[in-house]
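This report refers to the structure that appears directly beneath it.
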There are 2 protein chains.
Amino acid sequence: MTVMETTATGTDTCAGPPQQNRRPDGQDRYTISEVVALTGLTAHTLRWYERIGLMPHIDRSHTGQRRYTNRDLDWLDLVGKLRLTGMPVADMVRYAELVREGDHTYVERFELLKTTREDVLARIDELRGTLAVLDRKISFYADAGRALASERSR
Amino acid sequence: MTVMETTATGTDTCAGPPQQNRRPDGQDRYTISEVVALTGLTAHTLRWYERIGLMPHIDRSHTGQRRYTNRDLDWLDLVGKLRLTGMPVADMVRYAELVREGDHTYVERFELLKTTREDVLARIDELRGTLAVLDRKISFYADAGRALASERSR
DNA sequence: CGCTTGCTTGGAGTGCACTCCAAGGTTCTA
DNA sequence: TAGAACCTTGGAGTGCACTCCAAGCAAGCG
């Protein structure tokens with residue numbers, strides 16, 4: 001059996017919620033500017049991701065222009081999510097390498113995902129702590145505001 | 001009345017949970033290396049915070065060495081929390097300026113805190129979305145792992 | 001006293017994640 | 001078939017948040 005999540009290639013994307021504005025598989029050849037519109041990334045950033053190995057080598061038209069597939073968009077979605085967690089780009093590149101290397105890296109990928117999951121949980125907890133501090137300060141300011149208002153009306 | 005949260009100075013800290021390893025008010029004069037130990041920041045960063053206006057001017061010993069107070073530590077705690085939210089240092093400097101400018105900036109501070117609160121909530125939501133994606137992939141990998149194991153045992 | 005360790009300053013350097021540039025080829029619309 | 005809009009590359013530049021450096025003063029100890 002194979003550990004790949006999709007059949008044909010070495011990419012690693014498992015079907016999430018269906019994406020908007022996509023063309024059906026088979027006619028999925030997007031120019032870089034279409035991908036810019038779909039992802040919110042800049043063309044610069046897309047080329048840079050490819051250069052540093054965060055993307056697989058993107059398919060080209062007969063004249064050398066990039067043609068992205070639905071699979072590439074899925075990968076970019078995952079990268080976007082991981083970026084939100086604060087994961088360094090270098091770590092994402094590492095993950096991309098593992099995917100390219102094939103099935104035998106599957107345990108390492110699994111561990112990496114679990115570690116990332118723990119990081120995200122910790123991050124959410126930190127933010128909840130910060131939220132508590134903010135709420136305390138906000139209610140202080142609200143009280144101070146009410147006190148000022150009642151003083152003014154006296 | 002005054003909108004200051006503490007009596008004597010223009011700092012802006014409302015009593016959170018009591019802090020560990022602090023000296024009682026009145027004997028609160030910490031060297032920079034003590035503050036390093038208490039906050040986890042580097043001395044470089046502490047001096048830099050002061051230079052860019054993120055800290056009030058720190059009290060000095062008769063020979064010009066910094067002596068931090070409990071109030072300074074409270075402020076650093078708040079800065080630490082805000083930093084966790086991803087708030088740019090420039091925005092924190094802006095908040096510090098508002099505090100220094102006095103009571104008449106209180107509405108603006110209030111708004112800034114509320115905006116930050118919304119940002120934190122949005123950030124937590126993003127992270128929850130990422131968590132869902134990670135969990136989906138993790139359970140995929142776990143299933144693949146079980147499949148491999150049962151194949152091996154056949 | 002000498003020694004070590006700690007603190008001071010302004011300014012320069014670092015690492016990350018983009019972001020932009022110049023010069024030229026490609027694709028689309030009129 | 002002309003013009004506008006889009007795409008290509010390697011390499012250089014940017015902004016942020018630190019991070020470090022050199023040169024020198026300060027403090028505690030035997």
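In what follows, chains are A, B, ... by sequence order, proteins preceding strands, each numbered from 1. Note that the structure is predicted; figures quoted are calculated from it, not measured.
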**Q.** Length of the CG-C1' vector between B/Leu46 and D/dT19, whole Å
**A.** 13 Å

Q: Consider the side chain of B/Val89, meaning its heavy atoms from C-beta on, and name the nucleotide among D/dC6, C/dT8, D/dC18 that approaches it most closely.
A: D/dC18

Q: Name the nucleic acid region contacted by B/Arg66, choosing base, sugar-phosphate or nothing; use a 4.0 angstrom heavy-atom cut-off, strictly under.
A: sugar-phosphate

Q) For every nucleotide of nucleotides 22-30 of chain C, 5' to 3': is a protein heavy atom under 4.0 Å from its base (B), only from its sugar-phosphate (S), or from neither (-)? A) ----SS---

Q) Within the pair B/Thr31 and C/dC7, is there a side-chain N or O less than 4.0 Å away from OP1 or OP2? A) yes

Q: Please state whether the phosphate of C/dA17, meaning OP1 or OP2, lies under 4.0 angstrom from any side-chain nitrogen or oxygen of A/Arg83.
A: no

Q.
Within 45 degrees of the ring normal and closer than 6.0 Å to the centroid, is that where the cationic atom of B/Lys114 sits relative to B/Phe110?
A. yes

Q.
Can you measure B/Ile52 atom CD1 to D/dG15 atom P for me and round it to whole angstrom units?
A. 17 Å

Q) Tell me: CZ of A/Arg29 to C1' of D/dC7, nearest whole Å? A) 15 Å

**Q.** Nucleotide of D/dT19, D/dT8, C/dT8 approaching A/Ile32 most closely (side-chain heavy atoms)
**A.** D/dT8

Q. A/Gly64 or A/Arg51: which one's nearest nucleotide on DNA chain D is closer to the 5' end?
A. A/Gly64

Q: Compare the minimum distances between each of C/dG6, D/dA17, D/dT19 and the side chain of B/Ser33, then state the nucleotide with the smallest one.
A: C/dG6

Q) Between B/Arg47 (CZ) and C/dG10 (C1'), how many Å, whole number? A) 12 Å

Q: May I ask you to say whether B/Glu50 pairs ionically with B/Arg47, meaning some side-chain N is under 4.0 Å from a carboxylate O?
A: no

Q) How many Å lie between CH2 on B/Trp48 and C1' on C/dT14, as a whole number? A) 13 Å

Q) Does a salt bridge link B/Glu108 with B/Arg94, judged by any charged N lying under 4.0 Å from a carboxylate O? A) yes

Q. Do you see a donor-acceptor pair shorter than 3.5 Å between the side chains of A/Tyr68 and A/Asp28?
A. no

Q: Start with the C-alpha gap between A/Asp72 and A/Thr69, add the side-chain angles, then the distance that decides, and say whether side chain to side chain donor-acceptor pair (under 3.5 Å) holds.
A: CA-CA 5 Å; A/Asp72 296 326; A/Thr69 64; 3.1 Å; yes

Q.
Under a 4.0 Å threshold between the charged nitrogen and the carboxylate oxygen, would B/Arg71 count as salt-bridged to B/Asp59?
A. no

Q: Starting at atom OH of B/Tyr30, determine the distance to atom P of C/dC7, rounded to an integer number of angstrom.
A: 15 Å

Q: Might you point out which heavy atoms bring B/Thr105 and B/Leu98 nearest each other, and give the distance in Å?
A: OG1-O, 2.7 Å

Q.
In whole Å, I'd like the distance from the CD atom of B/Glu50 to the P atom of D/dC18.
A. 16 Å

Q: Report yes if a side-chain nitrogen or oxygen of A/Tyr49 is closer than 4.0 Å to either non-bridging phosphate oxygen (OP1 or OP2) of C/dC18; otherwise report no.
A: yes

Q: Rounded off to whole Å, could you give me the CG-to-P distance for the A/Leu54 and C/dC16 pair?
A: 15 Å

